[in-house]
Amino acid sequence: MTVRVRFAPSPTGYLHVGGGRTALYNWLFARHNGGVFILRADDTDAERSTPEFQQDILDGLTWLGLDWDEGIEVGGPHGVYRQSQRLERYQEVAARLVASGAAYYDLATPEQLESLRAAAESAGRSPVYAGTHRATPAQVHGHLAEGGVAPIRFAVPRPGETIFEDLVRGSLRFDHANVDDFVILRSDGTPTYHLASTVDDVDFGITHVVRGEDILSSTPKHILLTLAMGGEPAIYAHLALLNGPDGKKLSKRHGDTSLRAYREAGILAGAMRNYLAILGWSPGDDEEVVSPETMIERFELTAVSRNPAVFDTTKLEWMNGVYLRALPAAEFVELTRPLVESELGRTLDDREAAVYAAIAPFVQERAKRLTDAAPQVTFLFVDDVAYDDASWEKVMTKQEARVALDGALARLEGLAGWDSPSIEEALRAMLEEHGLSASKGFQPLRVAVTGSSVSPPLFESLEALGRERALQRLRSAADRVSSES
RNA sequence: GCCCUCAUCGUCCAGCGGCCUAGGACGCCGGCCUUUCAAGCCGGUAACACGGGUUCGAAUCCCGUUGGGGGUACCA
């Protein structure tokens, strides 16, 4: 039997990292088994669903490199993959369930429900609605005939229990005493998540439901519904949720939670995908940096961790650095050049682009995020460097600063060529001449030229800057140093 | 409150009754390299939540406690 899985997010917010991971695990499982990955929109909540969020989800999945075989945008044998366009089907199923006695119109008032809940709670019992106020068929008929509305509830068999085998959690058992007669069709005729999702899973022939643990306790409802529809329940796998660094539920107060935010902050899709894969699953050996092919080859739901993992951006950044360094130099340039341009507020001309391409590899070596590049190279493309105060304070106030600047000027002004080897030779001679150590002698030059003590290598920076501007910066730094002393 | 669920270094993962004086990765600390910062290389720090069982033997199995997470809607 062909494996068929789905990722069915509600477009009620931007795709977050946890959703991305759920999608990734579904995709890996499908690809590992030569199955079908379906993308569906569980957008029954018309109030909160928006096209913008829907688009963000599509963008996020595509960015992560996940492709789907059926579903939104690509279509498929089951037609529409949006719940908002399948309303009649859910109503039809609900009606059939009422006809068969598996569900019923519920006439209980909100007040009745509330007092039941309150009573149960104060008695220390499960606050479960078990059809206590279920009306007779005649009463229901009368109510409806008079134009009254009512939600349809599923009649959970009592007593009873639902037992199933979860691929990541093992054997699970739920006593129906703790399962509500849940609403499947609201009084306005729209389906709830339970109905719509289950109907779609049955209709689309979903064989494995891989989703977040937040719906674990609703699973008995879905199995019961499936059975009542005459369907074969899927195999379930519930993934533990992601937490923030403090071990609490991951939320905005922990920082960015949307995939989009990380993309914009310079995280590479490959790094994010790899990190998400490793967060709750292990490829087996000690390797953690793994290709998508390897992930697909080794992925097993039964090997997925049961405990909630902390989404740790430190490790994500480390991994991003690994991916960044693995990038071909040209690609790194292509990816970061727009960021440099936006930092400058203008585009680079051809000459400048060539300068950037020459210096970029040195930046690539030390970057953790794509966004780290621009701040390190803007000194090349502005008329006057802005000195970093801390850097200036640290090196320019030292005795050697003046000696180094004057010495460098003397050596460089008459230099024949302007390439980093020649510059290095000249400056090392300067060191020798004044008896300066490399760090004492070169740091002032670095700050003079790049504005900061953290920058690409000195000689390459000087070469890239060009003779005129380089000398000019050394001079103005020397002037400032002498005026301050 | 009630129901479900989870529990190995600060974090992620390995471990599935003896190979564990618990392994790897990130982080952190130290060293090397070195013109800075990184990167790289080398070394170090650090954990089986607690209490009972079961067993010749438990990180591994069972029970309880504690703590975390989820659910408890005509939201998904």
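Letters go in sequence order (proteins before strands), and every chain restarts at 1.
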Task: Any A:R325 side-chain N or O less than 4.0 Å from OP1/OP2 of B:G40 - done: yes

TODO: Look at A:R153 and B:C74 and indicate whether a side-chain polar atom (N or O) is within less than 4.0 Å of OP1 or OP2.
DONE: yes

- [ ] Respond yes when some side-chain nitrogen or oxygen of A:K394 is under 4.0 Å from OP1 or OP2 of B:U36, and no when none is.
- [x] no

- [ ] Using a 4.5 Å cut-off on heavy atoms from C-beta on, say whether the side chain of A:F182 contacts that of A:L225.
- [x] yes

Open item on the list: Counting only Watson-Crick pairs (N1-N3 plus N6-O4 or O6-N4) and G-U wobbles (N1-O2, O6-N3), all under 3.5 Å, who is the partner of B:U35?
Closed with: none

Task: Atom-to-atom span, CG of A:L241 to P of B:G69 - whole angstrom - done: 11 Å

Task: Euclidean distance, atom CD of residue A:E287 to atom C1' of B:A14 [Å, nearest integer] - done: 14 Å

- [ ] Measure the distance from CD1 on A:I184 to C1' on B:A73 and round it to the nearest whole Å.
- [x] 16 Å

Open item on the list: Using Watson-Crick or G-U wobble geometry with both distances under 3.5 Å, which nucleotide pairs with B:A58?
Closed with: none

Open item on the list: Just to verify, which of A:E213, A:R169, A:R211 counts as forming a side-chain hydrogen bond (donor to acceptor under 3.5 Å, both in side chains) with A:H238?
Closed with: A:R211

Open item on the list: Between the base of B:C74 and the side chain of A:S187, is there a donor and acceptor pair under 3.5 angstrom?
Closed with: yes

Open item on the list: Less than 4.0 angstrom between a side-chain N/O of A:S439 and OP1 or OP2 of B:U35, yes or no?
Closed with: no

Open item on the list: Let's test your reading of the model: under 3.5 Å, does the base of B:G24 pair with the side chain of A:E288 as donor and acceptor?
Closed with: yes

- [ ] Decide if the gap between the ring center of A:Y25 and the ring center of A:W281 is smaller than 6.0 angstrom.
- [x] no

Open item on the list: Taking only the P atom of each, what is the distance from B:A14 to B:A25 in whole angstrom?
Closed with: 15 Å

Task: Whole-Å distance separating the CG atom of A:D166 from the P atom of B:G70 - done: 18 Å

Task: Nucleotide B:U5, atom P - distance to CD1 of A:I163 in whole Å - done: 12 Å

- [ ] Using only heavy-atom distances, decide whether a donor-acceptor pair under 3.5 angstrom links the side-chain of A:K315 to the base of B:A25.
- [x] yes

Open item on the list: Is there a side-chain contact between A:R169 and the phosphate of B:C4, meaning an N or O under 4.0 Å from OP1 or OP2?
Closed with: no

Open item on the list: Heavy-atom count check: over 12 atoms from other residues, nucleotides or ligands less than 6.0 Å from A:E433 CD?
Closed with: yes

Open item on the list: Considering every strand and a 4.0 Å limit on heavy-atom distances, what is the contact class for A:S453: base, sugar-phosphate, or nothing?
Closed with: base

Open item on the list: Please tell me if A:N307 has a side-chain N or O lying less than 4.0 Å from either OP1 or OP2 of B:U8.
Closed with: yes

- [ ] Please find out if less than 6.0 Å separates the ring center of A:F442 from that of A:F459.
- [x] yes

Open item on the list: Heavy atoms from C-beta onward define the side chain here; which of B:U36, B:C6, B:A76 lies closest to that of A:D42?
Closed with: B:A76

